[in-house]
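Atom set for the values below is all heavy atoms of this structure, side chains included, hydrogens, waters and symmetry mates excluded. Throughout, a chain's letter reflects where its sequence line sits, starting with A, and its residues are numbered from 1.
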Protein chains: 2
Amino acid sequence: MKPQVLVVEDEDALATLLQYNLEKEGYQVSVAGDGEDALMQAEETTPDLVLVDWMLPKVSGIEVCRRLRGRQETANVPIIMLTARGEETDRVRGLDTGADDYVVKPFSMTELFARIRAVLRRIRPGLAEDVITAGDITMDRVAHRVKRSDREIHLGPTEFRLLDYLMQHPGRVFSREQLLDAVWGSDVYVEARTVDVHVGRLRKALNTKEERDPIRTVRSAGYAFDVNA
Amino acid sequence: MKPQVLVVEDEDALATLLQYNLEKEGYQVSVAGDGEDALMQAEETTPDLVLVDWMLPKVSGIEVCRRLRGRQETANVPIIMLTARGEETDRVRGLDTGADDYVVKPFSMTELFARIRAVLRRIRPGLAEDVITAGDITMDRVAHRVKRSDREIHLGPTEFRLLDYLMQHPGRVFSREQLLDAVWGSDVYVEARTVDVHVGRLRKALNTKEERDPIRTVRSAGYAFDVNA
DNA sequence: CAGAGTCGCTACAGTTTTGTGACAACGCAC
DNA sequence: GTGCGTTGTCACAAAACTGTAGCGACTCTG
């Protein structure tokens with residue numbers, strides 16, 4: 001599963017450059033032009049990493065940090081700050097901005113990539129494990145294996161990604177469109193009903209007769225993964 | 001106890017890459033960006049092995065060698081040099097730089113690991129792990145031999161390194177690109193599908209009719225070596 | 001209760017991905 | 001040079017997976 005990166009940058013040229021290079025590096029990228037937009041998108045896409053420019057219109061970068069940290073869903077998302085040289089660099093380090101690292105402009109892409117990898121590596125193992133467990137279902141993303149109470153579950157690539165995404169946000173309802181964006185990719189066009197089919201396949205693979213279906217259908221809204229209660 | 005490795009490399013991207021891979025391989029890694037830093041850290045952490053780039057800012061790699069050798073505490077620490085092709089390779093070998101071995105860039109990770117183990121084994125027997133076993137498969141890296149339940153397996157060099165790498169990280173799925181980076185070298189250009197062919201050859205050599213195939217194909221993701229359960 | 005909307009499921013044709021045999025090129029020992 | 005083992009690439013076949021359409025069941029609304 002590609003790590004999702006949210007870029008918060010008002011300067012168009014830089015934003016585009018970042019998006020282009022990050023995607024080439026294998027990240028799923030979304031861009032926000034200002035702080036408000038950033039907070040909204042962060043809620044929607046729940047990124048694995050946020051890249052925030054220190055200077056932003058409306059809501060400053062540092063404020064974006066604080067707000068992200070303040071919210072349940074995004075409290076643990078790693079943040080990297082982009083600052084211009086001399087832009088209170090010391091205070092960035094000194095103050096508890098909530099950022100996990102910062103990069104001073106101008107920076108090279110390789111440098112940025114190195115920081116990103118370092119942060120993801122540092123933050124992720126502690127918070128988001130390679131292994132997710134919900135009820136009796138275990139998903140090991142490194143080994144690419146899914147088990148339900150010691151029974152090995154075989155899933156196709158798409159079903160795997162779908163389950164991955166759902167398990168990562170348990171309880172939350174996603175519309176078919178949201179799932180298409182997140183699991184298929186925001187640029188492919190597929191029929192919304194296709195999601196139904198894949199959910200069906202996923203259910204068939206996951207459940208035996210006795211077992212409770214962990215995927216909940218919400219009529220005219222979408223699907224959600226429920227942790228056993 | 002994990003062997004401690006000090007990496008002295010100014011190029012950020014390479015340093016990060018080395019750190020990442022070495023840690024995954026089970027080493028405790030610290031990184032120094034220049035010669036001075038290196039000497040300081042060497043004093044602090046007294047590493048079991050030092051990896052030095054030949055070209056460094058401030059204090060050259062060869063100078064780092066000399067100084068490390070000149071100091072009581074670090075006089076016997078094994079050193080491996082990283083040199084670019086053509087970078088006075090002969091003199092590196094010829095002169096007594098104090099290095100125990102050297103690797104010519106570009107190199108594959110498995111090659112580097114092999115050198116590291118070799119040096120550690122020579123200097124600090126006991127720190128290097130020479131034999132890996134997984135299920136009924138045994139791989140002796142010193143003798144360069146592979147056995148499956150007392151049956152001798154003949155492998156070509158590439159298949160050997162491939163199996164080595166896979167067995168080193170059992171259960172984990174690697175993409176073709178990752179395998180190319182790790183086994184072939186990070187910059188040689190070979191077709192990704194070539195990995196398939198080598199996996200095929202490896203399987204043919206490893207398995208008889210009765211035996212379970214230890215290599216698992218993960219569709220649209222890569223391959224993994226599974227320890228028998 | 002009719003009609004519209006929504007969802008589960010199946011079948012299937014099309015596409016993507018993987019396994020494999022053949023082959024030419026290469027390096028190396030002799 | 002000759003011979004042998006190894007390597008990377010290609011082409012083709014097999015296997016796995018995907019998206020869509022279509023039908024019936026069910027639900028909501030008026």
key: A/Arg203 atom CZ, neighbour heavy-atom count above 12 within 6.0 Å   = yes
inquiry  = I want to check one thing: is the phosphate of D/dT20, taken as OP1 and OP2, less than 4.0 Å away from some side-chain N or O of A/Thr194?
reply    = yes
task = Check whether any side-chain nitrogen or oxygen of A/Lys204 sits under 4.0 Å from OP1 or OP2 of C/dT10, and answer yes or no.
result = yes
message = Any base atoms under 4.0 Å from A/Val218, or only sugar-phosphate, or nothing? Heavy atoms, all strands.
response = sugar-phosphate
note = To the nearest angstrom, the CG-P distance between B/Leu202 and D/dT7 comes to 11 Å
task = For B/Arg219 and for B/Ala192, find the nucleotide of DNA chain D with the closest heavy atom, then tell me which residue's nucleotide is more 5'.
result = B/Ala192
request  = Could you tell me whether the phosphate oxygens of D/dT18, OP1 or OP2, come under 4.0 Å of any side-chain nitrogen or oxygen in A/Trp184?
outcome  = no
query = Is B/Tyr223 near enough to C/dT17 that one of its side-chain N or O atoms lies under 4.0 angstrom from OP1 or OP2?
reply = no
key: Atom-to-atom span, NE2 of B/His198 to C1' of C/dG21 - whole angstrom   = 15 Å
query = Over how many whole Å does the gap from B/Phe174 atom CZ to C/dT18 atom P extend?
reply = 17 Å
message = Below the 4.0 Å mark, does C/dG19 have OP1 or OP2 next to a side-chain nitrogen or oxygen of B/Thr217?
response = yes
Taking every non-hydrogen atom, the tightest pair across B/Val77 and B/Val50 = CG1-CG2, 3.7 Å
task = Give B/Val197 one of three labels, base, sugar-phosphate or nothing, depending on what nucleic acid heavy atoms sit under 4.0 Å from its own.
result = base
ask   = Under 4.0 Å between a side-chain N/O of A/Thr158 and OP1 or OP2 of D/dT18, yes or no?
value = yes
request  = Using a cut-off of strictly less than 4.0 Å, decide whether A/His154 has a side-chain nitrogen or oxygen near OP1 or OP2 of D/dA16.
outcome  = no
ask   = In whole angstroms, how far is the C1' atom of C/dG14 from the CD atom of A/Glu191?
value = 16 Å
query = Does a nitrogen or oxygen in the side chain of B/Arg203 sit under 4.0 Å from OP1 or OP2 of C/dT20?
reply = no
query = Within this structure, what is the CG-to-P distance between B/Asp196 and C/dT16, rounded to whole angstrom?
reply = 17 Å
task = Rounded off to whole Å, could you give me the CG-to-C1' distance for the A/Leu206 and C/dG8 pair?
result = 16 Å
key: Test log, rule salt bridge (Lys or Arg N to Asp or Glu O under 4.0 Å), inputs A/Lys147 and A/Asp140   = CA-CA 9 Å; A/Lys147 282 190 168 192; A/Asp140 185 333; over 6 Å; no
ask   = Expressed in angstrom and rounded to an integer, what is the separation of B/Arg193 atom CZ from C/dT16 atom P?
value = 14 Å
query = Between B/Leu180 (CG) and D/dT9 (C1'), how many Å, whole number?
reply = 13 Å
Verdict with reasoning, A/Glu191 to A/Thr194, per side-chain hydrogen bond (donor to acceptor under 3.5 Å, both in side chains) = CA-CA 5 Å; A/Glu191 214 53 52; A/Thr194 299; over 6 Å; no
query = Under 30°, 30 to 60°, or over 60°: which ring-plane class applies to A/Tyr165 and A/Phe174, parallel, tilted or perpendicular?
reply = tilted
ask   = Just to confirm, is there a sub-4.0 Å distance from OP1 or OP2 of D/dG19 to any side-chain nitrogen or oxygen of A/Arg201?
value = no
